[in-house]
Amino acid sequence: MTQKVTKILLAEDEAALGMIIQESLESRGFEVVFCKDGHEASLAYEAESPDIMVLDVMMPKLDGFSLVKQVRKKDQFIPIIFLTAKSRTEDVVEGFGYGANDYLKKPFSMEELIVRIHALLNRKAQRNSNEEEEIGEYIFDCQKQTLVFKPTGKEERLTHREAHLLDALIKNTNELTDRQEILNSLWGNDDFFNARSMDVFISKLRKKLAQDESIQIINVRGYGYKLVV
């Protein structure tokens, strides 16, 4: 049986860089749909049904943030990687808030991009789409990215990054979750920049879980976090 070829939707307005990325990915067996602006990428997403998207942030006609916002209204699960020259924590957090799964700061190596692509595809393949988990008075569904407060039935939507971070904490409930391990798994590396980004998301999760006072996310300084229920 012929193995399915992974289709990548690549959007990059720098034509020379886009062609280099396309050729590098195709040489490794990927099928690449290359678009030179956000509007073209939006149309290609509808027509091509890609397996993963690699998007520049600053593009003409439709920027990467706006494109991801559109896509997430229809598809909560397709992995999305941002390519960005932006380096402020606020910019990256904004991108994750719209639903990106990962980002690479320009300039980057092709090998690093390929590692990130494989990691996201593997993560998607391993997730059981029907899995729900109870945490205190909440029901959490990582695939649907929802958190339901059982006493009221109120449902809250999570971003991709919030959902996967909470999932990692739940897997180690009442035990230490290594900070470096989370950063390498969900952010790609454990540098200071990513660590600051993760702290922001931890604060957001604390607020979303605040209705159940028995739930705490404890910061074990220098080591990681502990979800206590």
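If you read the sequence from its start, that first residue is 1, and numbering goes on from there.
Taking the ring centre of Tyr138 as origin, the terminal cationic atom of Lys208 falls outside the region bounded by 6.0 Å and 45° from the ring axis.
With rounding to the nearest 0.5 Å, the separation of NZ in Lys36 from CG in Asp56 is 13.5 Å. Of the inter-residue distances, the one linking Met53 atom CE with Lys7 atom NZ reads 12.5 Å to the nearest 0.5 angstrom. In this structure, NZ on Lys105 lies 9.5 Å from OG1 on Thr84, to the nearest 0.5 angstrom. In this structure, CD1 in Ile135 is found 4.5 Å from CD1 in Ile215, a value given to the nearest 0.5 Å. To the nearest 0.5 Å, the span separating CE on Met59 from CG on Leu83 amounts to 9.5 Å. One finds the CG atom of Asn194 at 6.5 Å from the CG atom of Leu183 (value rounded to the nearest 0.5 Å).
Taking a cutoff of 4.0 Å between a charged side-chain nitrogen and a carboxylate oxygen, Lys207 and Glu156 do not qualify as a salt bridge.
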Report, one line per pair, each donor and acceptor closer than 3.5 Å where one atom sits in a side chain of residues 220-229; sequence neighbours left out.
unit_1: Tyr225; atom_1: OH; unit_2: Arg179; atom_2: NH1; d: 2.9
unit_1: Tyr225; atom_1: OH; unit_2: Asp199; atom_2: OD1; d: 2.5

Could you go through residues 146-154 and list every donor-acceptor pair under 3.5 Å that involves a side-chain atom there, pairing it with any protein atom two or more places apart or in another chain?
unit_1: Lys150; atom_1: NZ; unit_2: Glu134; atom_2: OE1; d: 3.1
unit_1: Thr152; atom_1: OG1; unit_2: Lys154; atom_2: N; d: 3.2

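Arg206 has its side chain within reach of Asn219: a pair of non-hydrogen atoms, C-beta onward, lies under 4.5 Å apart. Looking at Ile80 and Arg72, their side chains come closer than 4.5 Å, going by heavy atoms from C-beta outward. With contacts defined as side-chain heavy-atom distances shorter than 4.5 Å, the pair Leu9/Val54 does not qualify. Side-chain atoms of Val57 and Tyr103, non-hydrogen and from C-beta on, never get closer than 4.5 Å to each other. Side-chain atoms of Ile202 and Leu165, non-hydrogen and from C-beta on, do get closer than 4.5 Å to each other. Taking 4.5 Å as the limit, some side-chain heavy atom of His160 sits within range of a side-chain heavy atom of Gln145. A 4.5 Å side-chain heavy-atom check between Leu120 and Asp102 finds at least one atom pair inside the cut-off. Taking the side chain as every heavy atom from C-beta outward, Ile78 and Asp51 never approach each other to under 4.5 Å.
Contacts of Arg157 classified as salt bridge (charged side-chain N to carboxylate O under 4.0 Å, His left out), with partners at least two apart in sequence or in another chain: none. Scanning for salt bridge (charged side-chain N to carboxylate O under 4.0 Å, His left out) contacts around Glu112 gives Arg116, with sequence neighbours left out. Taking the side-chain contact (heavy atoms from CB on, under 4.5 Å) definition, one finds that Asp63 meets it with Phe65, Ser66, sequence neighbours left out.
If you chain together hydrophobic residues whose side chains sit under 4.5 Å apart, Leu62 and Leu43 never meet in one group. Criterion: ILVMFWY side-chain heavy atoms under 4.5 Å apart, direct or through other members. Under it, Ile20 and Leu113 are not part of a common hydrophobic cluster. Under the 4.5 Å side-chain contact rule for hydrophobic residues, Val32 and Leu104 share a cluster. Taking hydrophobic clusters as Ile, Leu, Val, Met, Phe, Trp and Tyr residues chained together by side-chain heavy-atom distances below 4.5 Å, Met198 shares a cluster with Ile170. Cluster membership for Val115 and Ile52, using ILVMFWY side-chain heavy atoms within less than 4.5 angstrom, is not shared.
Applying the ring pair (Phe, Tyr, Trp, His ring centres under 6.0 Å) test to pairs two or more places apart or on separate chains, those with a residue in residues 17-55 are Phe30-His118.
Remark: Lys69 NZ is loosely packed, at most 12 non-hydrogen atoms of other residues, nucleotides or ligands lying under 6.0 Å away. Dense packing is recorded around CD of Glu46, with more than 12 heavy atoms of other residues, nucleotides or ligands lying under 6.0 Å away. At most 12 non-hydrogen atoms from other residues, nucleotides or ligands lie less than 6.0 angstrom from CE of Met19.
No side-chain donor-acceptor contact under 3.5 Å links Glu31 and Thr6.
A distance-only check finds a donor-acceptor pair linking the side chain of Arg28 to the backbone of Ser24 [under 3.5 Å]. Proximity of a side-chain donor or acceptor of Glu48 to a complementary backbone N or O of Pro50 within less than 3.5 Å is not detected. Asn172 places no side-chain N or O within donor-acceptor distance of the main-chain N or O of Glu175, the cut-off being under 3.5 Å.
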Run Asp13 and Asp37 through side chain to side chain contact (heavy atoms under 4.5 Å, CB included) and show every step you take. CA-CA 5 Å; Asp13 68 327; Asp37 63 62; 5.6 Å; no
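The nearest pair of heavy atoms linking Cys35 to Ala41 is SG-CA, 3.7 Å. Pairing each heavy atom of Val33 with each of Ala44, the nearest pair is CG1-CB, 4.1 Å. Across all non-hydrogen atoms, the minimal contact from Gln70 to Ser42 is OE1-OG, 3.2 Å. Closest of all the heavy-atom pairs between Leu166 and Leu205 is N-CD1, 3.9 Å.
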